[in-house]
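Report on the following structure.
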Amino acid sequence: MSSLFLLFLLHITIAAAAQLRPDLYLSTCPNAESIVRGVMKKALIREPRSVASVMRLQFHDCFVNGCDASVLLDDTPTVPGEKQALSNINSLRSFQVIDEIKEALEMVCPGRVSCADIVIMAARDAVALTGGPDWKVKLGRLDSLSPWLEESNEIMPSPRSNASYLIDLFNKFNLSVEDLVALSGTHSIGQARCFSIMFRLYNQSGTGRPDPAIEPKYRAKLNKLCPTNVDQNVTGDLDATPRVFDNQYFKDLVAGRGFLNSDQTLYTFTQTRSFVKLFSKDQSVFFKAVVNGMLKLGDLQSNQRGEIRRNCRVVNKR
């Protein structure tokens, strides 16, 4: 582990209950959560994939110096943003949905609702609106004053990551093996790029051969979607029901039909396999676990100074 990552971890805390609490905006912006959900409903109708993309922003934001909306900041002439990070570039999307939510909130209660809280509420709504569980989110985060590009490159896992690496990474944030598997289940909705699986299809572990864990008929389907000469920004479904938040993702892993290496490895690795099997058989247990994981992820906070941005893409002018 690098010294940068060690230093970074010193700045991450688990938010105390007194700092974050449900219904924070009841007196200052009572319609905040309904406004967020209303915009998310419109985004779902306009482009179903967009809500899955918004949901992923929570993970990419909270793992890098806590949930502070740093991932939303655009590049400036002197400071590149986290959107240029290796795990984010040409991958994270639907920032315009966050813009729409912020604009709607600013019209009603300007300067009240942080972009960091918007990400948390919108991620919850992405799950609920596509058939998954609903839950009360804790609110009260501030927005960062700068992005954390170097930290993002250091921390965020690759689609090539295996379960052993992911277990160790999540453990550093006080997230358990069950949390890892449950949060990976958010891949129940959405798509990913061919770029993320080319090595699995054609050169797994430098062998010049495909990943043997891929079920043969599914591999043939992926070969057709992502031939060697494909535009690697072409996307494929992360599970067989990419518009419905359910436990099909885990059923697919059991059958050898995981899209990403970091997904399928959860079944091939002994320490995570039992949770994959459990969630594949009992959707209600998965739903309970994913809510718990999302709440714990949302509790990751930085001790850095912050603000409530007026525009989620830029820090406020001083």
Side-chain angles (χ1 to χ4, degrees), residues 2-5 7-9 11-12 36 39-40 43 47 49-106 110-111 113-123 126 141-161 190-196 231-235 297-298 300-318:
S2 75
S3 57
L4 172 64
F5 194 15
L7 180 62
F8 159 79
L9 287 173
H11 293 290
I12 291 291
V36 174
V39 175
M40 288 292 286
E47 186 202 0
R49 184 188 171 198
S50 67
V51 297
S53 301
V54 169
M55 177 188 64
R56 297 215 168 88
L57 293 175
Q58 178 174 345
F59 175 63
H60 287 255
D61 185 38
C62 294
F63 251 41
V64 181
N65 213 39
C67 309
D68 62 0
S70 59
V71 74
L72 303 179
L73 289 170
D74 284 343
D75 298 348
T76 71
T78 56
V79 181
E82 291 172 36
K83 294 172 184 177
Q84 300 302 315
L86 296 175
S87 63
N88 299 342
I89 192 169
N90 297 323
S91 179
L92 290 188
R93 58 192 299 277
S94 297
F95 294 101
Q96 72 278 5
V97 178
I98 300 295
D99 295 338
E100 291 170 19
I101 294 170
K102 182 62 172 174
E103 183 178 344
L105 287 168
E106 288 294 303
V113 182
S114 70
C115 300
D117 278 347
I118 289 172
V119 170
I120 298 296
M121 290 186 280
R141 298 162 190 83
L142 293 177
D143 302 324
S144 72
L145 302 179
S146 65
W148 311 97
L149 174 60
E150 190 175 356
E151 290 86 347
S152 182
N153 281 330
E154 183 75 19
I155 295 158
M156 293 304 299
S158 159
R160 300 187 181 204
S161 300
Q191 298 180 316
R193 296 181 298 153
C194 286
F195 171 82
S196 299
D231 173 356
Q232 295 190 25
N233 287 315
V234 168
T235 58
L297 184 63
L300 296 176
Q301 296 299 301
S302 166
N303 61 9
Q304 304 291 311
R305 291 188 307 114
E307 64 181 6
I308 295 178
R309 290 186 211 136
R310 290 183 285 273
N311 178 340
C312 291
R313 293 176 179 262
V314 296
V315 298
N316 297 336
K317 292 182 179 180
R318 295 293 184 263

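Each residue takes its place number in the sequence, starting with 1.
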Closest non-hydrogen atoms of Gly190 and Ala52, given as atom of the first, atom of the second and distance, are CA-CB, 3.6 Å

Closest non-hydrogen atom pair between Val315 and Leu73, with its separation: N-CD2, 3.9 Å

Of all heavy-atom pairs between Asp68 and Arg309, which one has the smallest distance, and what is that distance? O-NH2, 3.6 Å

Val79 backbone acceptor or donor facing Thr76 side chain under 3.5 Å: yes

Looking at every non-hydrogen atom in both residues, tell me the closest pair between Ser87 and Met156 and how far apart they are. OG-CB, 3.2 Å

Say you draw a straight line from OG of Ser114 to CD1 of Ile308; how long is it, rounded to the nearest 0.5 Å? 6.0 Å

Is the shortest heavy-atom distance from the side chain of Val64 to the side chain of Val71 under 4.5 Å? no

For Ser161 versus Pro157, what's the shortest heavy-atom pair and its separation? OG-CB, 3.6 Å

I want to check something: taking the side chain as every heavy atom from C-beta on, are Cys115 and Lys102 in contact at a cut-off of under 4.5 Å? yes

Min side-chain heavy-atom separation Phe95-Leu57 under 4.5 Å: yes

With no hydrogens and no angle check, is any side-chain donor or acceptor of Asp61 less than 3.5 Å from a backbone partner on Cys67? no

Is a salt bridge present between Arg93 and Glu47, judged by a nitrogen-to-oxygen distance below 4.0 Å? yes

How about Asn65 and Glu151: do any of their side-chain heavy atoms sit closer than 4.5 Å? no

Quick one: do Met40 and Ile101 satisfy side chain to side chain contact (heavy atoms under 4.5 Å, CB included)? Show the steps, please. CA-CA 8 Å; Met40 288 292 286; Ile101 294 170; 4.2 Å; yes

Which of Asp75, Asp74, Asn88 passes side-chain hydrogen bond (donor to acceptor under 3.5 Å, both in side chains) with Lys83? Answer is Asp74

Can you confirm whether Leu105 sits close enough to Val36 that some side-chain heavy atom of one is under 4.5 Å from a side-chain heavy atom of the other? yes

Return the SG to CD distance between Cys62 and Gln301, rounded to the nearest 0.5 Å. 7.0 Å

Would you say that Gln84 contacts Leu149 through its side chain, given a criterion of any heavy-atom pair below 4.5 Å between the two side chains? yes

Between Gln232 and Arg193 (side chain of the first, backbone of the second, donor and acceptor by atom type, cut-off under 3.5 Å), is there such a pair? no

How about Glu82 and Ser152: does a side-chain donor come under 3.5 Å of a side-chain acceptor? no

With distance as the sole test, does Asn153 use its side chain to make a donor-acceptor pair with the main-chain N or O of Ala85 at under 3.5 Å? no

Euclidean distance, Trp148 CH2 relative to Gln304 CD, rounded to 0.5 Å: 4.5 Å

4.5 Å side-chain heavy-atom contact, Leu297 and Phe63: yes

Starting at SG of Cys312, measure out to CG of Leu72 and round the result to the nearest 0.5 Å. 5.5 Å

Test item: Arg313 and Asp99 side chains (from C-beta on) under 4.5 Å apart, heavy atoms: yes

How long is the span from the CD atom in Gln96 to the OG atom in Ser94, to the nearest 0.5 Å? 5.0 Å

Between Glu307 and Leu142, is there a donor-acceptor pair closer than 3.5 Å when you use the side chain of the first and the backbone of the second? no

Let me confirm one number: the CD1-CZ distance from Ile118 to Arg141, rounded to the nearest 0.5 Å. 12.0 Å

Strictly distance-based, threshold 3.5 Å: is any side-chain N or O of Thr235 a donor or acceptor partner for the main-chain N or O of Ala192? no

Mind listing the closest non-hydrogen atom pair of Gly298 and Ile120 along with its distance? CA-CD1, 4.1 Å

